[in-house]
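Right, one structure below, let's go through it.
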Amino acid sequence: MANIHNVTEFLFLGLSPTWEVQRVCFVIFLLLYTAIILGNLLIVLTVATSRSLGSPMYFFLCHLSFVEICYSSSTAPKLISDLLTERKAISLWGCMAQVFFLHHFGGIEMFLLTVMAYDRYVAICRPLHYISIMNRKVCIVLVGTAWLGGFVHSLGQILLIFHLPFCGPNIIDHYFCDILPLLKLACADTYLIGLLIVANGGTLSVVSFAVLLASYVVILWHLRTQSAEGRRKALSTCGSHVTVVTLFFVPCVFIYLRPSATLPVDKLVAVFYTVITPLLNPIIYSLRNAEVKKAVKKLWIRTTKLNAN
């Protein structure tokens, strides 16, 4: 590794060169990250402690919220700390670790969202067989497959850039390490590697998104014979998931399904899928789901009584 990596650290340009803007961003992103942790942790604790939320849908939601915490934590803490420093540096190994965990948890989220779409398909299209099809063992296997799939995806990404030569410059026009900005700094022809990265990350995003769309097309087709009340109830359970899928997949497809080139708008898009989407997920699922809101209230009452005693 020492023979091909003369660069031992990378320097981020960050979100803005203006110190006043950075201080404002520090307060904003600190509040957003705190809300991400508390909101998703609340969903994890609520599902884990509530007997009424024992269905597979909430089992997957619990894991999704945990992954959202990990996913956001791969970039947000470094971003927040860098907003208070003039020199925004990260070691070579730290950069590689950030790339790995970003794509690891991002891949897991893609697979989990796909699994949740399959769960909704079974619940709506095959309700009489739902309990037998989506039993506890199957749910555990599906979640385990999502974690394994995220690891394989991330391992493929990191292996493509790990042996690239970085001999300078070492300035990344971003606020975290990612594949495309690193390709620009490599001292080698990265055209083929760029195509392989698009084939890995971009294809995963598109295929997962296509499977999700197909699932909901089938669901909508099935609902055409249902009563108006049945359609309303079924669509209300799917609406939250469709919203989250759109918020996550559209930015990812924009970033990773194109040639190895960066655009000025990439930072803004990255903020959306690394910070805004993890923040909105618990809000979307709690506000649009009466059972979750009821379970949160019960958890709050139990916690208040324990503190009072």
Side-chain angles (χ1 to χ4, degrees), residues 4-30 32-33 71-106 154 157-158 160-198 200-202 205 250-278:
I4 61 173
H5 292 112
N6 295 328
V7 171
T8 59
E9 67 175 9
F10 294 101
L11 301 176
F12 297 130
L13 292 183
L15 293 175
S16 172
T18 307
W19 179 242
E20 289 75 14
V21 175
Q22 291 186 49
R23 285 187 293 181
V24 173
C25 288
F26 169 79
V27 175
I28 293 174
F29 283 102
L30 180 61
L32 291 177
Y33 181 61
Y71 180 63
S72 181
S73 297
S74 64
T75 59
K78 176 63 176 170
L79 166 63
I80 294 169
S81 63
D82 282 347
L83 288 170
L84 294 179
T85 61
E86 184 176 350
R87 191 173 187 270
K88 304 168 179 38
I90 188 172
S91 67
L92 174 65
W93 286 102
C95 184
M96 295 300 168
Q98 193 174 55
V99 171
F100 176 83
F101 287 112
L102 177 71
H103 286 269
H104 176 51
F105 292 114
S154 183
Q157 296 288 72
I158 200 69
L160 288 172
I161 66 168
F162 183 75
H163 292 291
L164 285 175
F166 296 103
C167 49
N170 66 337
I171 298 177
I172 299 177
D173 187 14
H174 217 308
Y175 65 90
F176 64 88
C177 285
D178 203 1
I179 301 289
L180 299 184
L182 285 175
L183 288 181
K184 292 182 64 177
L185 301 181
C187 305
D189 183 8
T190 60
Y191 178 75
L192 178 58
I193 293 178
L195 291 179
L196 292 174
I197 287 172
V198 170
N200 183 1
S205 301
V250 172
C252 287
V253 170
F254 173 79
I255 292 291
Y256 296 109
L257 192 65
R258 68 169 194 249
S260 54
T262 56
L263 300 175
V265 75
D266 285 355
K267 290 183 186 180
L268 179 60
V269 176
V271 168
F272 194 86
Y273 68 77
T274 60
V275 178
I276 303 302
T277 300

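Since we're looking at a predicted model, the values are computed, not measured.
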Please collect all salt bridge (Lys or Arg N to Asp or Glu O under 4.0 Å) contacts where either partner lies in residues 162-173, sequence neighbours excluded, each pair once. Asp173-Lys267
Which residues share a ring pair (Phe, Tyr, Trp, His ring centres under 6.0 Å) with Phe101, sequence neighbours left out: none
If you take all heavy atoms of Ile172 and Leu185, which pair is closest and at what distance? CG1-CD1, 3.5 Å
Side chain of Thr8, backbone of Leu92: donor and acceptor closer than 3.5 Å? no
With sequence neighbours left out, what residues match Phe100 under side chain to side chain contact (heavy atoms under 4.5 Å, CB included)? His104, Phe151, Ser154, Ile158
To the nearest 0.5 Å, what is the distance between CD1 on Ile193 and CD on Gln157? 11.5 Å
Mind jotting down which residue pairs meet the salt bridge (Lys or Arg N to Asp or Glu O under 4.0 Å) criterion with at least one end in residues 12-30? Sequence neighbours excluded, please. none
Could you list the residues that satisfy side-chain hydrogen bond (donor to acceptor under 3.5 Å, both in side chains) with Ser74, not counting sequence neighbours? none
Find the distance between CG (Leu79) and CZ (Phe176) and round it off to the nearest 0.5 Å. 9.5 Å
With a 4.5 Å heavy-atom cut-off, do Leu164 and Leu182 have their side chains touching? no
Among all residues two or more places apart in sequence or in another chain, which pass the side-chain hydrogen bond (donor to acceptor under 3.5 Å, both in side chains) test with Asp82? Lys78
Suppose we screen for side-chain hydrogen bond (donor to acceptor under 3.5 Å, both in side chains). Which residues come up paired with Tyr71, at least two apart in sequence or across chains? none
Considering residues at least two apart in sequence or located in another chain, which fulfil the side chain to side chain contact (heavy atoms under 4.5 Å, CB included) criterion with Leu30? Phe26, Thr34, Ile80
Looking only at heavy atoms, the pair that brings Val275 and Pro278 closest together is O-CD, 3.4 Å
Here the gap from Ile90 atom CD1 to Asn170 atom CG, rounded to the nearest 0.5 Å, amounts to 12.0 Å
For Ala186 against Thr190, the heavy-atom pair lying closest together: CB-CG2, 3.8 Å
Which pair of heavy atoms, one from Leu11 and one from Ala89, lies closest together, and at what distance? CD2-CB, 3.5 Å
Testing the basics here: between Ser72 and Thr274, what is the closest heavy-atom pair and its distance to 0.1 Å? OG-O, 3.5 Å
Looking at Pro251 and Tyr273, what are the two nearest heavy atoms and their distance? CB-CD2, 3.8 Å
Any side-chain heavy atom of Leu13 within less than 4.5 Å of one from Ile171? yes
Sequence neighbours excluded, every pair satisfying side chain to side chain donor-acceptor pair (under 3.5 Å) that has a member inside residues 9-19: Glu9-Arg87
Using the test side chain to side chain contact (heavy atoms under 4.5 Å, CB included), find all partners of Ile28 that sit at least two apart in sequence or belong to another chain. Val24, Leu32
Applying ring pair (Phe, Tyr, Trp, His ring centres under 6.0 Å), name anything that partners Phe10, two or more places apart in sequence or on another chain. Phe166
With a 4.5 Å heavy-atom cut-off, do Met96 and Ile161 have their side chains touching? yes
Any sub-3.5 Å donor-acceptor pair from Asp178's side-chain atoms to Leu180's backbone N or O? no
Contacts of Lys88 meeting salt bridge (charged side-chain N to carboxylate O under 4.0 Å, His left out) (sequence neighbours excluded), chain-then-number -> none
Answer yes or no: is there a side-chain heavy-atom contact under 4.5 Å between Val271 and Phe29? yes
